[in-house]
Every structure is written in structure tokens, then in C-alpha cells.
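Down below is the structure, laid out as C-alpha cells.
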2 protein chains.
Amino acid sequence: MEQNTFIKGSLTTIVLKLLNDNGRMYGYEMTKAVRVLTADKMDIAEAALYPALHKLVKDGLLETTSEVVDGRMRKYYSLTRKGNKESKSKIEALKESLQSLHIILNSNLSNG
Amino acid sequence: MEQNTFIKGSLTTIVLKLLNDNGRMYGYEMTKAVRVLTADKMDIAEAALYPALHKLVKDGLLETTSEVVDGRMRKYYSLTRKGNKESKSKIEALKESLQSLHIILNSNLSNG
DNA sequence: TTTTGATACCTAAATTTGTTAGGTATCAAT
DNA sequence: ATTGATACCTAACAAATTTAGGTATCAAAA
């Protein structure tokens with residue numbers, strides 16, 4: 001049902017932002033959070049998310065703790081100290097990129 | 001000198017937007033236009049731009065006319081009728097994606 | 001005069017990132 | 001007993017960008 005173009009290259013930063021806000025989340029929860037925040041306009045594919053999470057762990061930005069809840073496994077992710085630092089700079093960088101893109105998309109002959 | 005993260009997947013739409021506004025531009029001119037619009041915060045790599053332009057021509061969204069100006073070749077691109085239609089929808093789609101991303105990046109625990 | 005910087009085009013190989021297309025398993029509800 | 005939601009995952013492929021070059025003209029500076 002989601003038809004919005006996913007903005008490529010932003011997935012890692014979205015994950016860092018979610019964890020920066022919420023402290024601790026598991027993968028499936030992140031996909032739901034994005035759908036709720038964007039009113040189903042954006043959807044993170046699990047096939048994109050899980051490899052991205054694994055890479056962030058490998059790069060030392062995230063750490064995990066696993067729990068079994070209601071008989072189902074949950075793997076919680078949280079920011080490491082390094083991840084905490086990098087999340088802030090990546091979020092700021094993406095915000096600036098968004099602004100640049102916004103300027104381009106809203107410029108025209110009369111105001112440009 | 002440019003350190004802003006280029007937002008991947010947006011290049012094609014940026015090109016369509018520039019041509020939608022300006023009617024007719026050549027590649028090198030597009031790279032300059034983006035730098036000017038964004039105050040050097042965003043830079044389109046020529047190695048990304050030219051293949052993207054060629055694909056848009058191949059897909060029937062752009063057409064070209066070549067001229068020699070001051071002894072140097074210029075290849076002007078403009079929207080075809082099909083390109084004109086698609087540019088509008090792609091620009092709108094990217095704007096909506098930008099909004100979704102904006103919501104995510106600016107959400108936090110206090111506001112939901 | 002020759003080197004540098006700007007203009008103006010281009011490609012090939014490699015990498016990154018996401019998509020497509022699955023897979024397994026538990027639990028609640030029909 | 002099957003369906004839908006929860007919850008994790010991988011492999012093969014495709015698309016897009018980056019890296020790292022290349023060619024050539026012209027103007028200005030060394």
C-alpha cells in the first residue's frame with residue numbers, strides 16, 4: 001500500500017535518529033515507527049533494514065541485547081558511545097542535505 | 001570543498017526540475033546551477049551526472065541539441081513531452097518523500 | 001611559453017545501497 | 001486449520017553513485 005519513493009542513502013541515518021530518540025528499539029519496531037510517523041507514506045523494507053542494522057553493529061555504532069517476549073525473539077539495538085556521536089553528525093548532515101534539496105525543488109525562474 | 005552528503009536517488013529528479021525551470025541546459029551548467037542554488041553545499045559529480053543524462057535520453061524524457069560555443073562543444077538538454085509530464089510527478093513524489101524524512105528527523109520523545 | 005584553472009564532454013570498474021523474492025518460527029484469532 | 005501479525009533472516013539481482021581516471025579548448029598567470 002505504500003507508494004512513496006524511499007529516499008536512498010537515508011536508512012542508516014533514520015535508524016540512528018530513531019535510536020537517538022528512543023534509546024532502545026528492535027528492528028520490527030523501527031519499521032512500525034516509521035509507518036506511524038509518516039502515516040504509511042514511508043515504509044522501511046525489512047530486507048533493507050536488517051542488513052543495515054548488522055552493518056551498524058559491525059561498524060561499532062550499535063550494540064544489541066536479545067530477549068524473548070511472549071515466546072518470540074526480540075533483538076534490541078541501542079547506540080554505542082561512538083554511535084551516539086556519529087548519530088548527531090549524520091542527522092545534522094542529512095538535515096542540511098534536505099534543506100539543499102528543498103531549495104532546488106522549490107526554486108523557479110521568478111524567485112531564482 | 002563540498003562536504004554535504006549527496007542525497008542518493010534524487011539526481012534524476014534534480015535534473016528534471018532544473019530543465020523544467022530553465023527549459024534548456026547543458027550538463028556542466030547544471031553542476032554550476034546546483035552549486036549556486038545551494039551555496040556550494042551540494043555538488044553534483046560529473047561522473048554521476050553524465051550517465052544519468054544519457055539514461056534520461058534513452059528513456060525518452062530528454063532530447064539533445066549540440067552547439068559549439070567559443071570553440072567548445074555544448075550539449076543542450078531539454079524535456080520531451082513525456083519528460084515534461086514525468087518531471088512534474090517525480091518532483092511531487094520527491095517533495096513528499098522529503099516531507100516524510102523531515103518528519104522523522106525532527107520528531108522526538110516530547111512531541112510524539 | 002607553458003602551466004594552471006575554468007570550461008565541457010566522457011567512460012570503466014568498483015562500491016554501496018536497496019529491491020525482489022524468498023525463508024523460518026511463534027502467537028492470536030477466525 | 002488457516003490467516004494475519006509479530007519477529008527474525010539471507011541470497012541474488014539491480015540501480016545508482018563513487019572513484020579514478022581520460023580528452024580537449026580557452027584565458028590568464030607565471
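Chain identifiers are assigned alphabetically (A, B, ...) following the order of the sequence lines, protein sequences preceding nucleic acid strands; residue numbering begins at 1 within each chain.
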Please tabulate, one pair per line, all N/O donor-acceptor pairs under 3.5 Å involving side-chain atoms of residues 84-91 of chain A, not counting sequence neighbours.
unit_1 : atom_1 : unit_2 : atom_2 : d
A/S87  : OG     : A/N20  : OD1    : 3.3
A/S87  : OG     : A/G83  : O      : 3.3
A/S87  : OG     : A/N84  : O      : 2.8
A/K88  : NZ     : A/N20  : OD1    : 3.2
A/S89  : OG     : A/E86  : O      : 3.1

Integer-rounded Å distance: C/dC10 C1' and B/K58 NZ: 17 Å

Whole-Å gap separating C1' (C/dC27) and CG (A/D70): 8 Å

Which pairs count as ring-ring contact (aromatic ring centres under 6.0 Å, His included) when at least one residue sits in residues 32-66 of chain B, sequence neighbours excluded? none

On DNA chain C, more 5' by nearest nucleotide between A/K55 and B/M73 is B/M73

Is any side-chain nitrogen or oxygen of B/H54 closer than 4.0 Å to OP1 or OP2 of C/dT11? yes

For a side-chain contact (heavy atoms from CB on, under 4.5 Å) with A/L56, tell me which candidate from A/L79, A/V15, A/T80, A/L19 qualifies. A/V15

Within the 4.5 Å heavy-atom criterion, are A/I103 and B/M42 side-chain neighbours or not? no

Please tabulate, one pair per line, all N/O donor-acceptor pairs under 3.5 Å involving side-chain atoms of residues 57-67 of chain B, not counting sequence neighbours.
unit_1 : atom_1 : unit_2 : atom_2 : d
B/D59  : OD2    : B/K55  : NZ     : 3.0
B/T65  : OG1    : B/R24  : NH1    : 2.9
B/E67  : OE2    : B/R24  : NH2    : 2.5

Are the charged groups of B/E29 and B/K32 less than 4.0 angstrom apart, N to O? no

Are any protein N/O atoms closer than 3.5 Å to N/O atoms in nucleotides 4-7 of chain C? If there are, list each pair with its distance.
unit_1 : atom_1 : unit_2 : atom_2 : d
C/dT7  : OP2    : B/Y28  : OH     : 2.8
C/dT7  : O5'    : B/Y28  : OH     : 3.4

Residue pairs passing the ring-ring contact (aromatic ring centres under 6.0 Å, His included) test where at least one lies in residues 7-47 of chain B, sequence neighbours excluded: B/Y26-B/Y76

Value in whole Å for how far the P atom of D/dA16 lies from CD1 of B/I14: 14 Å

For A/E67 and D/dC8, give me the distance from atom CD to atom P, rounded to whole Å. 11 Å

Taking only nitrogen or oxygen atoms into account, show me every contact under 3.5 Å that the protein makes with nucleotides 18-20 of chain C, one pair per line with its distance.
unit_1 : atom_1 : unit_2 : atom_2 : d
C/dG18 : OP1    : A/G9   : N      : 2.9

Atom CG of A/L53 and atom P of D/dC9 are separated, to the nearest Å, by 8 Å

Tell me the interatomic distance from B/Y50, atom OH, to D/dG21, atom C1', rounded to whole angstroms. 15 Å

A/V34 side chain near A/L18 side chain, heavy-atom distance below 4.5 Å: yes

Grab the CG-P distance between A/D59 and C/dT16 for me, whole Å please. 10 Å

Which sits closer to the 5' end of DNA chain D, B/G71 or A/Y76, going by the nucleotide each is nearest to? A/Y76

To the nearest Å, how far apart are A/E29 CD and D/dA7 C1'? 12 Å

Criterion side chain to side chain contact (heavy atoms under 4.5 Å, CB included) on A/I7 and B/L94, from CA distance to verdict: CA-CA 8 Å; A/I7 294 189; B/L94 185 52; 4.2 Å; yes

